[in-house]
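The structure displayed is predicted, hence computed values, not measured ones. Lettering of chains follows the sequences in order, A, B, ..., and the numbering in each one begins at 1.
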Amino acid sequence: MAEHLLEVRNLSVRFHTAQGVVNAVNDVSWHLDPGETLAILGESGSGKSVSSSAIMNLIDCPPGEITEGEIFFDGMDLLKASDEERRALNGKRIAMIFQDPLSHLNPVYTVGWQIAETITAHGRPDQMAKDRALELVRRVGIPNPEQAMKKYPHQFSGGQRQRLMIAMALGLKPDILIADEPTTALDVTVQAEILTLLEELQEETGMGLVLITHDLGVVAEAADRAVVMEGGRIVETGTPHDLYHNAQHPYTRKLLAAAPGKGEMRQPDAQAQPILSCRNLSKTYGAFHALDRVNFDLMKAETLAIVGESGSGKSTTARLILRLEEASGGEALWHGEDLLKKSPREMGKVRRQIQMVFQDPTQSLNPRMSVFEIISEAWVIHPGVVEKRRWRGRVEQLLGQVGLLPEHANRYPHQFSGGQRQRIAIARALALEPELIICDEAVSALDVSIQAQVIELLGRLRDELGIAFMFIAHDLPVVRDFADRVLVMKQGEIVEQGPVRQIFEDPREPYTQRLLAAGLDPDPEVQRQRREARLKLSA
Amino acid sequence: MQKAIGKRAISSFISLFLLVILVFFLSRLTGDPAALFLPVDASEEMLEAFRERHGLNDPVIVQFFSYLGDLVRGDFGDSLRKARPALDVVLEAFVWTLQLALITMALVTVAAVTLGSIAAFKVGTAFDRFTSMLSLIGASAPDFWIAIVAIVLFSVNLGWVPTSGTGSVWHWILPICVLFIRPFGLILQVVRGSMLSALGSAYVKTARAKGVKNRPIIFVHTLRNAMLPVVTVIGDQAAALLNGAVVVETIFGFPGVGKLMIDSILQRDFNVILAAIMVTALAIFIMNILIDLAYALLDPRIRA
Amino acid sequence: MGQNDMSDTTATEAPAAKPAPSKSSLLSMLFADQFATVAACFVILVILCAIFGPLLLGEAASDQNLRARNAPPFTLDRGWLYILGGDALGRPLLPRIVVAAQNTIMIAAGAVAGSFIIGAVLGLTAGYSRKLVSEVIMRLADVIMSFPSLLLAVIVLYVLEPSVLNLVLVLAITRIPIYLRTTRAEVLEVRERMFVQAAQVMGASTFRIVFRHILPVILPTLLTIATLDFAFVMLAESALSFLGIGIQPPEITWGLMVSQGRQYLTSAWWLAFWPGLAIILTTMSLNLLSGWMRVALDPTQRWRLETGGKKNG
């Protein structure tokens, strides 16, 4: 057998939890060669990061237990090595970066110190560590590196923090870098930059890169080879090209089919009348303009998508319309009446007609109320919508409408999966038979396959019940499949708005073009073209 | 930071002012000091002269404003009992309390932080269970009971240390030991819990992935983060001690500010009560600022 | 990390079948922690003593027997009532401790209930109302906090008479800030949660949001604190009674018994020792229970008990 840089053989890990023993990974084998990028693709619960944790000796035992397997690095089985031997490898030969760099950086030490620590922890002198740290901070593209060294993690943006994490990992030029969801929760443009940086650094150092991700687009953009995991097992291995065009395992095919952005685009109804019109809607926090004179119309039974990166003001727009926050200026006309001027009592009546579905269903459902209580609460607040004796039946009917069972009414939110919870939240929104449902990142916390199901559900409800949607999202492919019209926002202003086809096929503003180019496509060929377009735009 | 201190100063001043008003009027309700200070067979004229001399015949509201007037000039009035400036009496007692509080808190902090950190790192072991038990007993112990049991055991039966007073180093041992128990128990629990959650945090994982050794992970990465809630509790406990450990000071005949306040209330020595409250309030104010500074020192996110 | 990964294994769309937490599972979680079980039993015993003690043993407790003055413990010569010895007037200690449980527990319970309710209501108001109201309430808490609580108690009890009711009032006032601050801090956090905003979007009234959505979420935290505080209030009451400004004879509490036994310490240690032990055992049990509740009532911590009490970092 040829010698690989790193090889995981028949690894099985299980965890002893409250619900009994959970097999996190079963008989997992993969290998990595120098200069290669291996993607480990999987949804939540697939066990995709367990093998890397085992490599880094980060599994706590108990509750974890490595029941079987070998991890070969440098001719040595890591699982048989002593803790001290493994510690000496960590950071020096094998390094790791994580999702959510804010919590993975120590909040009370300067980033310069933390980067230098990788080097000093392995016995190098302080001055050398400091010089190298400065060099790295400069290399990963942080402005003013000298000052940046003395700053603390909270003083940087999300993208910059991930750059600093990368600098920290590369202190001793490791042979292997493991990146665990390094770009999740970052804006698309920032994601593209980070992936490019990783690629450049890999070329410079020749290290092997393990990229753990849930995103087919990341695989298409960055990987040489990918393993697909489901339920703790590897179901398929291959190049991104093979996986995309020639997937063998049903799970891989299901994942590919669920990836959004391939469907027919919708055509807005030109005759529809506006039900909601925002005029010069503004919100300021002190001198900061969160929302600056925003104008748009939302037509009857139409789906209007609002897209933009974090801080673009897309959620603020929704919160102002719903009076969760008070606007600083402008008006929001609902059937010609200004919502912003309504008294709490009048607003209470309007609330029947405008409902909202939030991003994280785990948080948007009261954990101490049963599903029946959650849905019927709407009728307690708005008496007269449904007679009390018909509540039970109506709740069961609504549950059926969103694809759940009548007996689910007596259960509590924690007994459901993420996708089911979002269905409950949708049933709650439907309870008042609203004219408009505002979805604030309603599918972005869900796994791709579940996301697709929820989008399909929303589409069906739209067609059956004629509900208008305001669909706030950062994920462009989902918007492409679902919206009639799209509104692109940036730093509190509307950059461009138009029918979905025009925005996606003929974007006029450079920002919209950049946003589209930064998005990742699961098809490696399409992604290659995007990448070229992106490089051309940034040049 | 300066703004925060300024804000704290204003709110503390308002609190103190309200407190002075409350205590001033409440204490006048406890009765007539003349009856306590003069012999039982004192004539009505003598009582009258006593009241006149100390301004006790004026309406309470007039007394209050004249007290405030004196206060502005830095005059806290005289102690009826000791016939000396009330402030001097209080400061004398306060020095004792301050020493007692500082020594006790220093010992408590060192012991609780060390043992708590180790217990958190060795969670589930015999050592952890032992310290948990220790802290539980400490946090539940009634100090007056511990004090009298300790006196019987160590002073009366064994004769190792004196029962009360302040003469020698030996006099300090029992009061410090008794005062040590509760804060030690409480702070140990907080240190352990806080260290546990800090050890489970993401940046510890990063440090392990960097190849940092265990000792720096505990004492460099985690401890500083875990100290934030601990500092708060240390502050609360120190404030309680500065207010005078009334019970322990009474039992051990320790001439601190707690005993002084109790005695002054029982003897209607109004000026001393008020001076004592103001002095301790100032001390606690200063200590709170030190706590704020400690916060800022520990956590750069607070410095902004 | 592996664990977070694992906690979401149900993310597939199969109908879920996790059992709901019921009262019986709460009980089994109690049994999972042996110390907490013992503590709970002891607290129940003390409460039973407090309720039925005076009825059953009231007479025995005040029965003076001059020949049993300062009678030593651990002898059945004078009957089982004297198993813990007799006091300075020859009254049996065991029944006296049982009877004294009533005042001790009643005062602590009254003070905790009072400060709990007032503190929680003020905290909910401060947390969910405009800045000004909130600011005023918080300053008020500061005033109480900045005052040495024992001294406030001394002054007030010295002005008023030291009855059970006044003792409860004074202790309740000094403990209000604890509940107030905790409630407000929790409300400020919970009101930003999505389900509160979801209720707002639905048009729920402020009253409904506060009492139906926010209060149930923060109640476990408050109950945990109240249990801990019960121990604290008991100690404070005992200290006051010990100093002679709490409960006055012939009423008795454990603290007063310690105080009365103090002068006989060298000749009859048991007079002060037994009631003190009663105090320390009760406060310890309450502390243990509070620690258990903190884990049991917190869904993110509960697994520690569900895995059979195996503690893990």
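Interface remark: A/Arg319 contributes side-chain atoms only to the contact with chain C (heavy atom separation under 4.5 Å). In this structure, no portion of A/Leu446 lies under 4.5 Å from any heavy atom of chain C. A/Gln359 does not touch chain C: none of its heavy atoms, backbone or side chain, sits under 4.5 Å away. Neither the backbone nor the side chain of A/Met347 comes within contact range of chain C, judged by heavy atoms closer than 4.5 Å. Contacts of A/Leu432 with chain C are made by side-chain atoms alone, with heavy-atom separations under 4.5 Å and no backbone atom involved.
Side-chain contact between A/Met356 and C/Met194 is absent, with no heavy-atom pair separated by less than 4.5 Å. Using a 4.5 Å cut-off on side-chain heavy atoms (C-beta onward), A/Ile381 and C/Arg208 make contact. Using a 4.5 Å heavy-atom threshold, the side chains of C/Phe195 and A/Ile374 count as separate. Between C/His213 and A/Arg368, every side-chain heavy-atom pair lies at or beyond the 4.5 Å cut-off.
Surrounding CZ of A/Phe372 are more than 12 heavy atoms belonging to other residues, nucleotides or ligands, all under 6.0 Å away. Residue A/Glu326 qualifies as enclosed at atom CD: its count of foreign heavy atoms under 6.0 Å is above 12. For A/Gln353, the CD atom sits in a packed shell: over 12 heavy atoms of surrounding residues, nucleotides or ligands are nearer than 6.0 Å.
Among the candidates A/Val380, A/Leu404, A/Ile438, the residue making the largest number of heavy-atom pairs closer than 4.5 Å to chain C is A/Val380. Looking only at heavy-atom pairs under 4.5 Å with chain C, the residue among A/Glu377, A/Glu373, A/Arg323 that has the most is A/Glu377. For the set A/Asp360, A/Asn410, A/Leu365, the count of heavy-atom pairs under 4.5 angstrom toward chain C peaks at A/Leu365.
Heavy-atom minimum distance, C/Val201 versus A/Arg351: O-CD, 3.1 Å. Listed here is the closest heavy atom pair of A/Ser364 and C/Ala198: O-CB, 3.9 Å. Taking every heavy atom of both residues into account, A/Arg428 and C/Met202 meet most closely at CD-CE, 3.1 Å.
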